[in-house]
Amino acid sequence: MPVHVLTPDLLEAGGLEPQVAAFAQAAGFKAESGGLLLLPGVDGALKGALFGLGADPAPFATGKLARSLPKGRWRLVGEAVPADAAALGFGLGSYRFDRYKANGAEQPVLALPEGVDEADLARRLAGVTLARDLINTPTNDMGPEALEAVVRGLAHHYGATVTTIAGDDLLSQNFPLIHTVGRAAAEAPRLLDLRWRGGRSGGLGGGRRITLVGKGVCFDTGGLDIKPAASMLLMKKDMGGAANVMGLALMIMDAGLDVDLRVLLPIVENSIAGNAFRPGDIYRSRKGLTVQIDNTDAEGRLILADALALADEEETDLIVDMATLTGAARVALGPDLPPFFTDDEALAVRLTEASLSVADPLWRLPLFKGYEKDVTAKVADLTNAPAGGMAGAITAALFLKRFVERAPRWVHLDIFGWSPSERAHAPVVGGEGQGIRALYQLIRNGL
């Protein structure tokens with residue numbers, strides 16, 4: 001059945017069958033954003049629908065159709081929305097997280113618009129869905145061991161290899177900060193190292209070398225600097241960086257891109273016990289820099305520091321890290337516009353262009369050297385929690401930058417990983433893929 005997708009201008013310009021136009025006028029349909037009018041046939045059966053985009057259509061407005069149309073097979077009519085954006089919007093809006101529900105509702109099906117690359121659409125949707133599902137799953141079912149199992153399943157599917165360093169082996173193999181943050185939890189902290197060589201049939205490798213690093217804090221109590229109860233409610237999402245990195249890795253591997261891919265995931269739970277790390281402690285990182293713990297709730301940058309140091313020890317063309325790192329990023333830009341940081345001007349321009357081209361919003365914030373002094377401590381090389389509470393997203397990025405020296409390109413994304421309200425393309429208040437479609441576009445098009 002057809003769904004006529006219309007702006008107010010297109011509705012006013014005509015083009016609908018006279019009977020349909022008359023019915024729309026009688027029903028008061030004005031093609032406002034999200035407006036839906038079901039069309040009856042002469043026999044009273046459902047004949048089609050009209051869908052309004054409003055005067056300034058959102059990129060993925062068609063996502064609302066996935067929840068408002070009756071079940072059945074539908075096709076889009078009209079060119080008010082580009083075919084790929086319309087299909088992607090519908091797919092994103094079809095998302096459900098019903099793992100813990102007794103029954104799931106039957107959904108409408110959209111015929112693929114002409115000209116859409118079905119395989120590429122499917123992998124982009126799969127990557128976002130994976131990120132959303134992992135973040136939405138509560139920690140009792142998505143702790144460090146369960147998250148490792150998902151990574152291994154993904155690796156097996158695409159012929160990648162995974163090695164794990166866990167528990168006290170982190171100390172013997174020089175990952176002290178990862179061990180420090182996760183040692184108080186019931187499940188051992190760990191570092192996962194996934195490797196995949198480009199090409200659908202195994203390839204010969206030798207392509208662009210890309211390393212992805214994702215913060216995997218499966219739950220964050222805040223440690224001894226414990227969070228208040230209200231702030232702890234969303235802390236199952238503190239592995240959102242790892243979840244998004246996995247979604248991006250899925251896209252890259254499924255597309256068979258010509259890259260040598262490495263994924264490093266430090267995975268911990270920041271818990272409280274007698275052996276929890278303390279405010280005032282000083283630890284030596286993998287890189288050799290010492291870090292004074294001025295707040296145990298600034299743990300994400302600690303585990304990333306060891307993982308980034310490892311990433312930087314190997315020749316690579318690009319290091320990308322993703323993390324639900326700071327509340328300051330949300331204060332500055334809100335939940336839907338993640339900041340990114342890089343000192344590579346060309347990379348910044350290309351990533352911005354990629355984000356605009358696929359409607360995956362990102363905004364560059366500066367690695368302002370004037371704040372580097374705030375990251376230093378009096379009796380250690382670095383502090384994990386600068387005093388003053390200002391420019392927190394920037395100082396966190398500057399902290400991480402100290403652990404990346406050799407790589408020619410590095411970009412840090414401070415994501416929220418969460419949709420705080422329902423939108424057309426984000427029907428569930430919950431986990432969200434942020435920045436990964438833009439990064440996929442960047443990598444697919446060449447660095």
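Here, residue 1 is the first one in the sequence, and each next residue gets the next number. Fair warning: this is a prediction, and the values are worked out from it, not measured in the lab.
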Quiz item: Under 3.5 Å, is there a donor-acceptor pair between the D321 and W410 side chains?
Solution: yes

Quiz item: Could you give the distance from OG1 (T7) to CD (E32), rounded to the nearest 0.5 Å?
Solution: 12.5 Å

Exercise. Take the angle between the ring planes of F97 and Y100 and call it parallel below 30°, perpendicular above 60°, tilted in between.
Key: tilted

Practice problem: Locate the shortest heavy-atom distance separating L261 from A249; write the atom from each residue and the value. | Solution: CD2-CB, 4.1 Å

Quiz item: Is there a donor-acceptor pair closer than 3.5 Å between any side-chain N or O of Q441 and the backbone N or O of A354?
Solution: no

Quiz item: Is the number of heavy atoms from other residues, nucleotides or ligands under 6.0 Å of E422 CD greater than 12?
Solution: yes

Exercise. May I ask you to establish whether R286 and F175 are in a cation-pi arrangement, using a distance under 6.0 Å from NZ or CZ to the six-membered ring centre and at most 45° from the ring axis?
Key: yes

Self-check item: R406/E313 salt bridge by N-O under 4.0 Å criterion
Solution: no

Exercise. Return the minimal non-hydrogen interatomic distance between D225 and P279, and the atom names on each side.
Key: OD2-CG, 3.4 Å

Exercise. Specify the closest pair of heavy atoms between L224 and F277, including all atoms of both residues, with the distance to one decimal.
Key: CD1-O, 3.4 Å

Practice problem: Identify the residue among L212, V263, L265, L194 that makes a side-chain contact (heavy atoms from CB on, under 4.5 Å) with M246. | Solution: L265

Quiz item: Are the side chains of T211 and L318 in touch, meaning some heavy atoms are under 4.5 Å apart?
Solution: no

Practice problem: Drop me the distance from I178's CD1 to L170's CG, to the nearest 0.5 angstrom. | Solution: 6.0 Å

Self-check item: T296 backbone acceptor or donor facing N270 side chain under 3.5 Å
Solution: yes

Quiz item: Could R183 and E269 be called an ion pair, given the rule that one side-chain N must be under 4.0 Å from one carboxylate O?
Solution: no

Quiz item: Which is it for D120 and R444 under the salt bridge (charged side-chain N to carboxylate O under 4.0 Å, His left out) test, yes or no, and what are the steps along the way?
Solution: CA-CA 11 Å; D120 196 61; R444 186 175 65 169; 2.7 Å; yes

Quiz item: Side chain of D312, backbone of E405: donor and acceptor closer than 3.5 Å?
Solution: yes

Quiz item: Do the side chain of D281 and the main chain of R278 share a donor and acceptor less than 3.5 angstrom apart?
Solution: yes

Quiz item: Does a side-chain N-to-carboxylate-O contact under 4.0 Å join R124 and D84?
Solution: yes

Quiz item: Passes side-chain contact (heavy atoms from CB on, under 4.5 Å), M239 versus L134? Steps please.
Solution: CA-CA 8 Å; M239 39 68 74; L134 291 174; 3.7 Å; yes

Self-check item: Minimal non-hydrogen separation, I210 against I443, with atom names
Solution: CD1-CG2, 3.5 Å

Quiz item: Is any side-chain heavy atom of R301 less than 4.5 Å from a side-chain heavy atom of L400?
Solution: yes

Quiz item: Between the main-chain N or O of C218 and the side-chain N or O of T139, is there a donor-acceptor pair closer than 3.5 Å?
Solution: yes

Self-check item: Under 3.5 Å side-chain donor-acceptor pair for T164 and R152
Solution: yes

Quiz item: More than 12 foreign heavy atoms under 6.0 Å from CE of M232: is that the case here?
Solution: yes

Exercise. Take N445 and Y440, measure what side chain to side chain donor-acceptor pair (under 3.5 Å) needs, and give me the verdict at the end.
Key: CA-CA 8 Å; N445 292 343; Y440 171 64; over 6 Å; no

Quiz item: Between K227 and T221, is any pair of side-chain heavy atoms under 4.5 Å apart?
Solution: no

Exercise. Hey, could you give me the CE/OG1 distance between M390 and T395, rounded to the nearest 0.5 Å?
Key: 11.0 Å

Quiz item: Do the non-hydrogen side-chain atoms of L413 and V320 ever get within less than 4.5 Å of each other?
Solution: yes

Exercise. Could you go through the salt bridge (charged side-chain N to carboxylate O under 4.0 Å, His left out) check for R423 and D336 one step at a time?
Key: CA-CA 11 Å; R423 289 162 293 164; D336 302 330; 3.4 Å; yes

Quiz item: Would a distance-only check, ignoring hydrogens and angles, find a side-chain to backbone donor-acceptor pair under 3.5 Å from N136 to G431?
Solution: yes

Self-check item: Ion pair check, D169 and R190, cut-off under 4.0 Å
Solution: no

Quiz prompt | Evaluation steps, side-chain contact (heavy atoms from CB on, under 4.5 Å), between L112 and L121 | solution = CA-CA 10 Å; L112 198 67; L121 173 68; 3.5 Å; yes

Quiz item: Hey, are T324 and D238 close enough side-chain-wise for a donor-acceptor pair under 3.5 Å?
Solution: yes

Quiz item: When you check the gap from the basic side-chain N to the acidic O, do R409 and D317 get nearer than 4.0 Å?
Solution: no

Quiz item: Would you find a donor on one side and an acceptor on the other, under 3.5 Å apart, between the side chain of N244 and the backbone of Q434?
Solution: yes

Self-check item: Salt-bridge criterion met for R208 and D258 (N-O under 4.0 Å)
Solution: no

Quiz item: Is there side-chain contact between L154 and M253, with heavy atoms separated by less than 4.5 Å?
Solution: yes

Practice problem: Check L191 against A307 and note the closest heavy-atom contact, atom names and distance. | Solution: CD1-CB, 4.3 Å

Practice problem: Determine whether more than 12 heavy atoms belonging to other residues, nucleotides or ligands lie under 6.0 Å from atom NZ of K369. | Solution: no

Practice problem: Sequence neighbours left out, what pairs pass ring-ring contact (aromatic ring centres under 6.0 Å, His included) with at least one residue falling in residues 125-151? | Solution: none

Quiz item: Looking at D306, D381, L382, L302, which one forms a side-chain contact (heavy atoms from CB on, under 4.5 Å) with S285?
Solution: D306

Self-check item: Minimum heavy-atom distance L65-P108, with the two atoms named
Solution: O-CG, 4.0 Å

Quiz item: Between H412 and F341, how do the two ring planes meet: parallel, tilted or perpendicular, split at 30° and 60°?
Solution: parallel

Quiz item: Are side-chain heavy atoms of M142 and V150 found at a separation under 4.5 Å?
Solution: yes

Quiz item: Do E345 and R350 sit within salt-bridge range, that is, some charged N less than 4.0 Å from a carboxylate O?
Solution: no

Quiz item: Between K237 and E432, is the closest basic N to carboxylate O distance under 4.0 Å?
Solution: no

Practice problem: Before accepting this row, confirm whether a basic side-chain N of the pair D414/R330 lies closer than 4.0 Å to the acidic partner's carboxylate O. | Solution: yes

Practice problem: Determine whether Q292 and N384 make a side-chain contact, defined as any pair of heavy atoms from C-beta on separated by less than 4.5 Å. | Solution: no

Self-check item: Cation-pi geometry met for R132 and Y95 (6.0 Å, 45°)
Solution: yes

Quiz item: So K215 and E299, salt bridge (charged side-chain N to carboxylate O under 4.0 Å, His left out) or not? Walk me through it.
Solution: CA-CA 10 Å; K215 173 188 168 184; E299 83 299 330; 3.6 Å; yes

Quiz prompt | Pair Y283-I293, side-chain contact (heavy atoms from CB on, under 4.5 Å): steps then yes or no | solution = CA-CA 8 Å; Y283 297 96; I293 308 303; 3.8 Å; yes

Quiz item: With a cut-off of 6.0 Å (strictly less than), are more than 12 heavy atoms of other residues, nucleotides or ligands near NZ of K401?
Solution: no

Quiz item: Hey, does the side chain of R364 reach the backbone of T342 with a donor-acceptor pair shorter than 3.5 angstrom?
Solution: yes

Exercise. Would you confirm whether T290, through its side chain, and R284, through its main-chain N or O, come within 3.5 Å as a donor-acceptor pair?
Key: no

Quiz item: Do D141 and R99 meet the salt-bridge criterion of a basic N to acidic O distance under 4.0 Å?
Solution: yes

Practice problem: Mark yes or no for whether D294, through its side chain, and T383, through its backbone, hold a donor-acceptor pair below 3.5 Å. | Solution: no

